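Since the model is a prediction, treat every value here as computed from it, not as a measurement. Residue numbers begin at 1 in each chain, while the letters A, B, ... track the order of the sequences. Computed over heavy atoms, backbone and side chain alike; hydrogens, waters and symmetry mates excluded.
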2 protein chains.
Amino acid sequence: MTATKRTAAVKKSEIKNTEVKAPAAKAPAANSPRAKGAAAKATAVKVPVAREPDRTADRPARRPWERAIIESVTPQVDGGRFPAKRSVGDTVTVEADAFTDGHDVPRCILKHRYADEQSWTEIEMVALGNDRWRGQFKVDRLGRYHYTVTAWVDRFLTWRHDFKRRLEPADIETALQSGAQIVRDAAARASGEDAQRLTRLAQSLLAPDDFTRRQTLGASQELADAMSLYPDRSHAAEHERELTIVVEPVLARYSTWYELFPRSAAPEGGRHGTFRDCITRLPAVAKMGFDILYLPPIHPIGRIQRKGPNNSLVAGPDDPGSPWAIGADEGGHLAIHPQLGTPEEFRALVAAANALGIEIALDIAFQCAPDHPYVKAHPQWFQWRPDGTVQYAENPPKKYQDIYPFDFENEDWQGLFEELKGIFLHWIGQGVTVFRVDNPHTKPFALWEWLIAEIKKDHPETIFLAEAFTRPRVMHRLAKLGYSQSYTYFTWRNTKAELVEYATEVTQHRSREYFRPNFWPNTPDILPEYLQLGGRASFMTRLVLAATITANYGIYGPAFELLEHQPRSPGSEEYLDSEKYQIRHRDQSQPHSLTDFITRVNRIRRDNPALQDNWNLSFCPVDNDAIICYVKATEDCDNVVIIAVNLDPHHTQSGWVDLPLDDIGVKPGTGFQVHDLLADHRYLWTGARNFLQLDPGRSPAHIFLLRKQIRSEQDFDYFL
Amino acid sequence: MTATKRTAAVKKSEIKNTEVKAPAAKAPAANSPRAKGAAAKATAVKVPVAREPDRTADRPARRPWERAIIESVTPQVDGGRFPAKRSVGDTVTVEADAFTDGHDVPRCILKHRYADEQSWTEIEMVALGNDRWRGQFKVDRLGRYHYTVTAWVDRFLTWRHDFKRRLEPADIETALQSGAQIVRDAAARASGEDAQRLTRLAQSLLAPDDFTRRQTLGASQELADAMSLYPDRSHAAEHERELTIVVEPVLARYSTWYELFPRSAAPEGGRHGTFRDCITRLPAVAKMGFDILYLPPIHPIGRIQRKGPNNSLVAGPDDPGSPWAIGADEGGHLAIHPQLGTPEEFRALVAAANALGIEIALDIAFQCAPDHPYVKAHPQWFQWRPDGTVQYAENPPKKYQDIYPFDFENEDWQGLFEELKGIFLHWIGQGVTVFRVDNPHTKPFALWEWLIAEIKKDHPETIFLAEAFTRPRVMHRLAKLGYSQSYTYFTWRNTKAELVEYATEVTQHRSREYFRPNFWPNTPDILPEYLQLGGRASFMTRLVLAATITANYGIYGPAFELLEHQPRSPGSEEYLDSEKYQIRHRDQSQPHSLTDFITRVNRIRRDNPALQDNWNLSFCPVDNDAIICYVKATEDCDNVVIIAVNLDPHHTQSGWVDLPLDDIGVKPGTGFQVHDLLADHRYLWTGARNFLQLDPGRSPAHIFLLRKQIRSEQDFDYFL
């Protein structure tokens, strides 16, 4: 683990981003970076975007002079077929292998631009050793950025490298002559003052007097700086593909979801909850520290084949049905279930939420109840059975007669695509920017790639969460196609081995470039066995794990904070009396509620930037398999959080942990304090190996903030 | 190690290669696979090569029906930019992720063809689970093969999957109707007897009587077989790139090299060796078991700036100079050094070698002595210094005044490229098919990609070994560009940790698709410290390692078998009195010669197919770091070789090894015999954990052949 982390997380200080001083072509004097004082503090250079030439690479022998090779550019998803993802304010680290034949010296440039920019910004890449290069740029706008890498064999740098190693005066004299020619060639590429300066430098290399002075000039930084502005890039190689970064809101990387059935939101029992009730509940949700309030579908619910409580096949007259059976006489995906409220009230909910720093997330489920208006208005969008009825959803022998799926293989697929896009646009018009998409894996991949890109063109602020609990390749494909976040298998990963393997996969594997995991301890569809049997401690354990392993997590409440754990039947993961089929009323003020604990955990997430990222996760060995321990640290180690969780909800467990002191910025031999932000306890630790003991009856977890450079008693004696 | 091997080596028996019975389009009856009896024993189907359409993949929303996704096709080098390598007779295993949205059933086909074939051969790929598919084809011709993968959502298979799970008669009746339509559609794609048959089947599905019989027919293999020939492929997805395999001779994968300076080949001292002397030595080389005899450059040697013994700057009148200082009045790269013999004698050497199963490998070094005819005839091919002299090779402050490198960045580069290609063609004309290319990393990459491809067009039997002892990325690039084999860092990997890491890298990393390592314990340039200090045992150790870790290895003899170990100076890796600068005469019959040991090792390589491949290597844990142990096994475990080597040349070492019995086909609880083919000793072992003891004074290595199913004493008592 430690080794992985050390490789993955390179300190910012190791990268010296000297921005390139080399314009692609002869620059007019007024526009010259030199003229702008580039030598003092280089500003990024803008270079016009050249249309990409036909890149059959160096296959034919037609470009023997294009000697630089560029390989293995990262980030890169499927060879550039898909964009990598970042969020606003991120620094993008681009690396590439770049090298050439022989011993000549290559120069390597990172080019980047915002999608609509007509010119590239160029950054000099820094050699990391072993022909690997690195450059960085910051993405501060929503939308798409492009980047690529160019490299060439630099004639001047090669000359300089050799020149500094020459020993014999005759060789140095000859080299000064060839060097002067290289400088004159650069002068010809420059203009104005720069050209004059380079010409003077070339002359000085050849001046008849003072050999030592000329030798010094040849190796000088002054000459190198002047030359770096005007390299000969006529044989530069360019990476064969422009690569893309999609930049999304910070909320795509770091978000805290709370799922709530509005119809159960009434404070008093016996009536259907409303958007107004949700508004009333908002302060409590905000106080707990959630920034996304996610509502199951809010549309009219079908009456035909409506399901009753606990998914029974026959509904009584007062049964509300499943919100996922969308569409009735009152309307379809653009309409609001009348009992929830009006469009005005919905917009009021959005406004009230936003005022508290909360986004409303809607559940978009592309399926219809039999009485959805689409069925009559667009019969071509459905599959018709030989008996003249519409094909309902099924997975034989299971049948879902209350749901009609769309048949995307219909002749009017374009009409259907446009209609579905319109659904998102409609709700964006109502102030919604976050969408949880139901079962996206049962709709064509082509729909999602097109739809998300289309919407993000005008609304790059939107976030899409894929609810695809399916096979890994399919989940990954959806993420590549544009989904900002993805549900995961976390819900079923309970043991330390399972958690370490899975968390390492989703945070350290190269798929992290596009797949942002969102960990949920429960959902309305999933009451995992661990929560059914583990009692209060199991809820705390799963919450801490979800909230600290990944920066995006969510819970389905109030079932979660009220510790609901009764399955519909033994062995089932369905909730008993699930809100999916009936309205539930709960006493929010039950004494066992985890509200305070959740509030504290979310507060810790907000206060500690290390918990707002996934890539910085690394596990620490503990000599007890019931205790899992991991570290999350910001790149500069300014913020280091150490999380230890007892996975056994029934017994106190203890063990020794080995901390990667080097990776978390603790100097060898110095003491440090770990401050448990959950219990507000502080411990003084020294060295890597430390003792942990966790009683699930009190708190099954520590979330330690590392406090370094403690002044010790010894220092006190000696230095004060 | 075991885990890696288990993943990499999949048993042939696991793959059931049912060749596809599906022609791409309506097939004429006479040509129908059915008509040829395809149902009984399917023959591969030939499908015309379609020109690849513009593949912007499923980006636009224009192909919602092309629902199958194909990803991660292997083998694949840099996204298909470079070919993978195989040798004649190999079975190519192609894998791909293929899946679709929803629960529909995809069908996945591997398409392959020899480069000049106008039609594809199609192979049905087999699902391995988790959306991974596999197909295989055999490459039995030298040259290039192309392959790609196509997949589609199969309407009939999806229908069948659901049909077999349906329980209710009404549902089954409805499904029979839709199934009949699918069969009728297939009938429309078929013709002749096939069409009639499908039409009859469709009718039978709808026949008014006997529900049970129709239900049975719907799920029957008979119907599935008939339908599999006529799938609807109109919405098939195709991998975005045709991938390529370069098929080389078996010798590219498994070869045993012996390097010899012909000028030292005279049996008596005091005269310049000749090709005739080499012919005399051939039987000894063949008897030792070598199949490639590699000669340093055989061209006239320059006289200007000629180097003397031990690389001294001034040569005496009788000093022969370095063979790598190529070219003099007598000629250049097409000529033969007169003292070696005539072109006729060279051809006689090639013929005599071939008759003994040996290929002659020539050293091609693209550089010139100052008196090479090129310098006058093509001054434009060299770099001229400001003082009017030609730029000699240098790596400041080092100078190599006896060598003029080509300046590839000259205007006549095409003339130079053609000339260099002509050098290879000339020697191919003389019967040479194996080339060891000197320092290819100091020539443009574009030269090699073009040159090797050009030569292989007409001479796919040629083999190129890259002598590039340089940085990893550069070595790998050369291999990607077409080099059949590569020198490696083996020469400097001595400890167990180093050897395990490096051998694992070159045999298990995905770069093995293109990088074939060739391990050399010594070369004329490298007398490693281990051999300088380790005595006879160190030579045996390094020989066994080189000969059994990789299928390609070589030695520089007779320096090797005569245990020459004196460096030019302490700390140097140069041989004292190196043959590079002087003629050496040796008594081949010295009693300490390793000739017999080498003969035995090479004989073991020939007898054991497991040693003729690299990919089948896996290391076994030994509780002593001085002993390294590894297993090589054929896929079917018919041939299993266990190698154990004591890396300490001075002391007896012992330890316990853990063998991966499962991977080498030993049933739990059964005894097995290991037969040391070096000492001809046999040991009876039981269980995974066994004792090893190796005395370097006797033999520092075991090469065990595993003999399974030993009849035990107990069996004797009970069963006879």
Quiz item: Any Lys/Arg nitrogen of R81(A) or E240(B) sitting under 4.0 Å from an Asp/Glu carboxylate oxygen of the other?
Solution: no

Practice problem: Output the distance between atom CD (Q383(B)) and atom OG (S178(A)), rounded to the nearest 0.5 Å. | Solution: 8.0 Å

Quiz item: Quick one: of L451(B), D104(B), V474(B), who has the most non-hydrogen atom pairs under 4.5 Å with chain A?
Solution: V474(B)

Quiz item: From K480(B) NZ over to I69(A) CD1, what is the distance, rounded to the nearest 0.5 angstrom?
Solution: 9.5 Å

Exercise. Return the minimal non-hydrogen interatomic distance between F445(B) and T100(A), and the atom names on each side.
Key: CE1-C, 3.6 Å

Quiz item: Can you say whether K421(A) sits under 4.5 Å from chain B via the side chain, the backbone, both, or neither, judging by heavy atoms?
Solution: neither

Self-check item: chain B contact via E394(A) - which portion, at a heavy-atom distance below 4.5 Å
Solution: side chain

Quiz item: If you draw a 6.0 Å radius around CD in Q380(B), do more than 12 non-hydrogen atoms from other residues or ligands fall strictly inside?
Solution: yes

Quiz item: Considering only heavy atoms, which portion of T470(A) lies under 4.5 Å from any heavy atom of chain B: side chain, backbone, both, or neither?
Solution: neither

Self-check item: K399(A)/D171(B) ion pair, N-O < 4.0 Å
Solution: yes

Quiz item: Of all heavy-atom pairs between R165(B) and P397(A), which one has the smallest distance, and what is that distance?
Solution: O-CB, 3.5 Å

Exercise. Identify which of R132(A), H235(A), H441(A) forms the greatest number of heavy-atom pairs closer than 4.5 Å to chain B.
Key: H441(A)

Quiz prompt | Closest-packed option against chain A by number of heavy-atom pairs under 4.5 Å, given L478(B), T442(B), D131(B) | solution = D131(B)

Quiz item: Is it the backbone or the side chain of S72(B) that comes under 4.5 Å from a heavy atom of chain A, or both, or neither?
Solution: neither

Quiz prompt | Distance in Å, D387(B) CG paired with E173(A) CD, rounded so as to fall on 0.5 Å steps | solution = 10.5 Å

Quiz item: Of the backbone (N, CA, C, O) and the side chain (C-beta and beyond), which part of D78(A) lies under 4.5 Å from a heavy atom of chain B, both, or neither?
Solution: side chain

Quiz item: Who among P472(B), G79(B), P405(B) has the most heavy-atom pairs with chain A under 4.5 Å?
Solution: P472(B)

Quiz item: Which value, rounded to the nearest 0.5 Å, describes the distance between H476(A) atom NE2 and D97(B) atom CG?
Solution: 10.5 Å

Self-check item: Atom pair NE2 (H161(B)) and CG (N395(A)), whose distance is rounded to the nearest 0.5 Å
Solution: 7.0 Å

Quiz prompt | Short N-O contact, R473(A) and E71(B), less than 4.0 angstrom | solution = no

Practice problem: Please look at E168(A) and chain B and tell me whether the side chain, the backbone, both or neither of the residue comes under 4.5 angstrom of a heavy atom of that chain. | Solution: side chain

Quiz prompt | Heavy-atom pair count under 4.5 Å with chain A, highest-scoring of E454(B), K164(B), E411(B) | solution = E411(B)

Quiz item: Can you tell me how far CG of D101(A) sits from CG of N439(B), rounded to the nearest 0.5 angstrom?
Solution: 11.5 Å

Practice problem: For each of H103(B), R385(B), K398(B), tally heavy-atom pairs with chain A at distances under 4.5 Å, and name the one with the top tally. | Solution: R385(B)

Quiz item: Do you know which two heavy atoms are closest between T174(A) and P386(B), and how far apart they sit?
Solution: CG2-CD, 3.7 Å

Quiz item: Where do R67(B) and F408(A) land on the side-chain contact (heavy atoms from CB on, under 4.5 Å) test, with the steps shown first?
Solution: CA-CA 10 Å; R67(B) 288 168 51 208; F408(A) 287 93; over 6 Å; no

